[in-house]
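Order of listing sets the numbers, starting from 1, for every ligand and every atom in it. Along the sequence shown, the residues carry numbers beginning at 1.
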Amino acid sequence: MAIVQVLKNAQEVARAAAAFIAQRINANPKLVLGLATGSTPQGTYGELARLHRSGNVSFAAVTTFNLDEYLGLGGDHPQSYRFFMNENLFNKVDIDPAKTHVPSGVARDPAAECANYEQAISAAGGVDLWLLGIGQNGHVAFNEPGSAADSRTRVVDLTEDTIAANSDGRFFSRAEDVPRKALTAGIATIREARSLLLLATGEKKAAALHHALDQPPTLDCPASLLQAHRDLTIICDEAAASQLRAR
Ligand code: PGA
């Protein structure tokens, strides 16, 4: 059963999400934490860094796994997700860099990199809590519409709408600069996490969130495949919740 918390704006979502994550880390300092990139979790990472600075949370024993990475981008590329994570969170807290995992976009054998990533998650005992965003097209990580419910970490093609969403100036400014492929954790990889925390902010996410939560699960909306998860929390703002059925 999903728990949906609707807050006033993105800033409140960031604060609530950071408090949620910090509480889980304080309850289990060795938490295996799944992470996401994009505009949505940026505020949450800022708040987590603030909580760390004020002595309210330590990442010293935390292990992290990120959802995805662009194929072809190394960690020193400013638009790579490894770079994003270092800048937004890892460099600002006391996490052991060796315990942070992001699939490598420049692995010589991307398929082997994906298989190794699944193995690393298993070896860590599975993910305790995975922080997620949702795309305007309903994607989760780079699981685009049509992704199978039993999909695992793999190389995928990005859809045109995802390329457009990621070249609106927030990250890339030109569609031709956005890589066409990515490595992404699969729907099954994500569903196996013991808890899921999905964030959505802004009216651009309203239709996707409505499809994800109010309609029967469908491959057309990958986020809807998470509905049946036994521990799914959604924290969103009023704009993203504007099309949700009253609950
Ligand atoms: P965003 O991306 O947070 O940048 O909107 C979310 C997503 O595409 O999953």
The closest protein heavy-atom partner of atom 6 (C) of ligand 1 is Ile134 O, 3.6 Å

Ser80: which of Asn86, Leu73, Val102 passes side-chain contact (heavy atoms from CB on, under 4.5 Å)
Leu73

Protein contact to atom 3 (O) of ligand 1 [nearest heavy atom, distance to 0.1 Å]:
Thr40 OG1, 2.4 Å

Kindly determine whether Gln79 and Phe83 satisfy side-chain contact (heavy atoms from CB on, under 4.5 Å), including the steps that lead there.
CA-CA 7 Å; Gln79 293 309 333; Phe83 192 94; over 6 Å; no

Using a 3.5 Å cut-off on N or O atoms only, is Thr37 in polar contact with ligand 1?
no

Heavy-atom contacts with Gly38 under 4.0 Å: which atoms of ligand 1 show up? List them by number with element.
3 (O), 4 (O)

Have a look at His139, Arg170, Gln42 and point out the one with the heavy atom closest to atom 8 (O) of ligand 1.
His139

Hey, which of Thr233, Asp231, Val127, Leu232 is the one that makes side-chain contact (heavy atoms from CB on, under 4.5 Å) with Ser195?
Asp231

Step by step, work out the ring pair (Phe, Tyr, Trp, His ring centres under 6.0 Å) result for Phe84 and Tyr70.
CA-CA 12 Å; Phe84 175 100; Tyr70 288 115; over 10 Å; no

Heavy-atom check, side chain of Thr64 versus side chain of Phe90, under 4.5 Å:
yes

So is Lys205 touching ligand 1 or not, going by heavy atoms under 4.0 Å?
yes

With a 4.5 Å cut-off on side-chain heavy atoms, are Glu144 and Thr162 touching?
yes

Just to be sure I read this right, does ligand 1 sit under 4.0 Å from the backbone of Asn166, its side chain, both, or neither, counting only heavy atoms?
neither

